[in-house]
Undergrad: 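My structure is below; once you've seen it, I'll send some questions.
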Amino acid sequence: MQPSPTPRKGPLSGLVVVELTNVMAGPVGGLLLADMGAEVVKVERLPGGDDTRRAIPPEIQGESATFMMVNRNKRGIAVDLKHPDGLQVVRRLIDKADVVIENFRPGTMEKLGLGYDVLRASNPGLIYCKITGFGLNGPYAKRAGYDLIAQGMSGIMSLTGEGPGRPPVKVGVPIGDVTAGILASTGVLAAYIERLRTGEGQYVDTSLYEASLVHTYWQVAMAFATGESAGPMGSAHPVAAPYQAIPTQDGWINIGAVSQATWVGMTRVLQLEHLLEDERFASNRERMAHRDLLISIITEAMRSNTTDYWVEKFEQAGVPAGPVRKIKDMLEDPQTLARDMVIEVDHPVAGQVQALGLPIKFSHGNGVTRRGAPQYGEHTAEVLQELGYSSDDIAALAASQAVQLQGR
């Protein structure tokens with residue numbers, strides 16, 4: 001395990017982000033910006049806060065593990081957006097910000113008086129990023145969206161599973177949510193680069209639906225070319241073979257012998273050189289046409305030894321291969337640790353909490369880890385003081401329940 005890195009400014013130092021998000025997609029976008037050095041203030045609704053605070057189990061010392069995972073490096077304030085004074089707090093906060101990220105249903109921010117047209121009137125350089133289920137236009141624009149719904153409608157669930165005739169299967173991770181957060185942070189940074197040139201902010205819009213669609217590049221290419229929809233193939237690849245999981249004596253191994261060089265290397269490792277003379281496997285086109293037969297031959301050979309044995313042999317031969325691991329095994333993998341992808345952050349209640357590190361590395365500092373996820377309302381008073389509120393003002397706001405201070 002890697003210790004928490006020494007605090008650094010990070011490449012986004014000085015960028016101020018106001019995050020009005022809930023659950024996962026928006027928080028992931030804010031997390032990536034925060035890990036790269038941006039100052040992210042997470043505004044949670046009063047009452048209740050982010051829904052993932054109640055996503056228990058799993059928990060650590062009573063704190064939601066899922067909330068802590070995607071909300072580190074952020075300061076948190078709790079505000080009642082329906083209270084006039086709470087709304088004014090958020091307006092003052094946004095007026096000083098560079099970026100707003102929000103994932104309310106379309107029209108919600110406008111009803112609150114926090115729509116982009118209103119906000120940019122007092123902050124022309126504001127970059128406003130909205131994440132929705134389906135985007136801001138089109139026949140589904142007003143629909144609520146979840147990762148599961150987006151995966152199904154994007155076609156992903158028609159491609160995932162063991163084969164035709166089986167029930168639809170979603171990807172085991174919330175791929176639409178996470179990708180939407182990545183797209184949001186990418187869009188924000190692109191808009192920020194343009195603002196550095198022009199001084200003007202802009203509206204950035206992405207969705208869970210589009211975040212799911214972008215994972216179908218290969219299958220969409222096939223549909224454009226053939227006019228037909230691909231179906232589930234288990235772990236196999238739609239245009240290359242052998243490229244899939246193969247059972248071994250004690251587990252599974254993924255193998256990708258799709259170039260001619262790696263195909264030759266694989267046959268030699270498995271002592272199946274006679275396949276090189278078989279016209280049914282002469283090229284990728286023929287290997288795809290006879291994929292089931294090919295995989296049965298490879299499987300028979302690989303069942304003779306262990307996963308670790310074959311991984312070592314394939315590595316020596318330059319054939320891309322790797323074991324199919326469980327999450328806990330992945331977290332203990334030396335490559336995961338070498339890339340600082342397991343880190344620790346300090347949380348005031350849960351103590352030292354493990355987290356995934358920043359998956360982008362910079363020569364001037366590989367990620368910024370400053371703090372664990374905020375407790376509900378932890379930084380409300382601190383942020384209000386920075387906005388110019390006096391101690392009496394803050395006490396009055398808390399008494400009127402426009403905001404919540406930590407421990408109240």
Side-chain angles (χ1 to χ4, degrees), residues 4-5 7-8 10 12-13 15-56 58-81 86 89-90 92-94 96-104 181 184-185 343-358 367-387 389 394 397-398 401-408:
S4 298
R8 305 178 179 94
L12 296 183
S13 176
L15 187 74
V16 178
V17 180
V18 176
E19 181 191 305
L20 293 126
T21 71
N22 191 41
V23 185
M24 190 155 204
V28 167
L31 171 67
L32 292 172
L33 297 175
D35 275 2
M36 291 186 283
E39 178 61 46
V40 177
V41 178
K42 182 179 180 71
V43 179
E44 296 187 68
R45 64 174 180 265
L46 177 63
D50 193 307
D51 286 334
T52 54
R53 287 191 179 275
R54 293 171 292 283
I56 294 174
E59 61 186 294
I60 302 173
Q61 299 296 323
E63 297 290 315
S64 166
T66 51
F67 178 85
M68 289 191 290
M69 178 60 67
V70 295
N71 287 291
R72 70 160 183 268
N73 271 348
K74 305 172 186 177
R75 291 194 293 172
I77 67 174
V79 181
D80 183 355
L81 294 177
V89 166
V90 176
R92 287 174 66 168
L93 182 61
I94 293 175
K96 295 179 176 293
D98 299 293
V99 178
V100 169
I101 302 178
E102 57 100 348
N103 64 350
F104 289 108
S185 62
I343 63 172
E344 287 187 345
V345 294
D346 292 317
H347 189 276
V349 174
Q352 285 283 306
V353 177
Q354 292 176 293
L356 286 180
L358 180 67
V368 180
T369 301
R370 293 166 294 196
R371 57 173 69 90
Q375 292 184 274
Y376 189 50
E378 179 177 350
H379 304 101
T380 301
E382 177 180 298
V383 171
L384 290 174
Q385 289 173 349
E386 293 172 3
L387 292 176
Y389 288 90
I394 295 170
L397 286 169
Q401 297 185 332
V403 303
Q404 178 166 316
L405 309 182
Q406 183 180 4
R408 296 294 180 89

Undergrad: Can Glu39 and Lys74 be counted as an ion pair, charged N to O under 4.0 angstrom?
TA: no
Undergrad: Is it true that a side-chain atom of Thr380 and a backbone atom of Gln404 form a donor plus acceptor pair closer than 3.5 Å?
TA: yes
Undergrad: Please determine whether side-chain contact (heavy atoms from CB on, under 4.5 Å) holds for the pair Leu46 and Tyr376, giving the CA-CA distance in whole Å, both sets of side-chain angles, and the decisive distance to 0.1 Å.
TA: CA-CA 10 Å; Leu46 177 63; Tyr376 189 50; 3.5 Å; yes
Undergrad: Tell me, please, which residues at least two apart from Asn22 pass side-chain contact (heavy atoms from CB on, under 4.5 Å).
TA: Arg45, Asp50, Asp51, Asn103
Undergrad: What's the separation between atom NZ in Lys42 and atom NE2 in His379, rounded to the nearest 0.5 Å?
TA: 13.5 Å
Undergrad: Would Val90 and Val79 count as a side-chain contact (heavy atoms from CB on, under 4.5 Å) if you check the C-alpha gap in whole Å, the side-chain angles of each, and the deciding distance to 0.1 Å?
TA: CA-CA 8 Å; Val90 176; Val79 181; 4.0 Å; yes
Undergrad: Show the nearest heavy-atom pair for residues Ala34 and Val40, with the distance to one decimal.
TA: CB-CG2, 3.7 Å
Undergrad: For Ser185 versus Gly29, what's the shortest heavy-atom pair and its separation?
TA: CB-O, 3.9 Å
Undergrad: Checking Arg92 side chain against Leu387 main chain: does a donor-acceptor pair fall under 3.5 Å?
TA: yes
Undergrad: Give the minimum heavy-atom separation between Gln61 and Val349, together with the two atoms involved.
TA: O-CG1, 3.7 Å
Undergrad: Does the side-chain contact (heavy atoms from CB on, under 4.5 Å) test come out yes or no for Val100 and Leu20, once each step is laid out?
TA: CA-CA 7 Å; Val100 169; Leu20 293 126; 4.0 Å; yes
Undergrad: Please find the pair of heavy atoms, one from Thr66 and one from Ala55, that lie closest to each other, and give the distance.
TA: OG1-CB, 3.6 Å
Undergrad: By the definition salt bridge (charged side-chain N to carboxylate O under 4.0 Å, His left out), identify the one residue from Glu386, Glu19, Glu378 that meets it with Arg75.
TA: Glu386
Undergrad: Quick check: does any side chain N or O of His347 sit under 3.5 Å from a backbone N or O of Val353, one acting as donor and the other as acceptor?
TA: no
Undergrad: Contact between Val403 and Ile77 at the side-chain level, heavy atoms closer than 4.5 Å - yes or no?
TA: no
Undergrad: So how far is it from Glu59 CD to Arg53 CZ, rounded to the nearest 0.5 Å?
TA: 14.0 Å
Undergrad: Evaluate the side-chain contact (heavy atoms from CB on, under 4.5 Å) criterion for residues Val89 and Tyr389: first the C-alpha distance (whole Å), next the side-chain angles of each, then the deciding distance (0.1 Å), finally the verdict.
TA: CA-CA 9 Å; Val89 166; Tyr389 288 90; 3.4 Å; yes
Undergrad: Checking Asp98 side chain against Val16 main chain: does a donor-acceptor pair fall under 3.5 Å?
TA: yes
Undergrad: Return the CG to CG distance between Leu31 and Leu356, rounded to the nearest 0.5 Å.
TA: 9.5 Å
Undergrad: May I ask you to test the Leu384-Leu397 pair for a side-chain heavy-atom distance under 4.5 Å?
TA: yes
Undergrad: Tell me, do Val41 and Leu93 make a side-chain contact under 4.5 Å, heavy atoms counted?
TA: yes
Undergrad: What are the two closest non-hydrogen atoms of Ala38 and Val17, and how far apart are they?
TA: CB-CG2, 4.1 Å
Undergrad: Under the salt bridge (Lys or Arg N to Asp or Glu O under 4.0 Å) rule, collect the residues that match up with Asp80, sequence neighbours excluded.
TA: none
Undergrad: Is a side-chain donor or acceptor of Ser64 paired with a backbone partner of Thr52 at a separation under 3.5 angstrom?
TA: yes
Undergrad: Can you see which heavy atom on Ala402 is nearest to which on Gly86, and at what distance?
TA: CB-N, 3.7 Å
Undergrad: May I ask you to establish whether Arg72 and Phe67 are in a cation-pi arrangement, using a distance under 6.0 Å from NZ or CZ to the six-membered ring centre and at most 45° from the ring axis?
TA: no
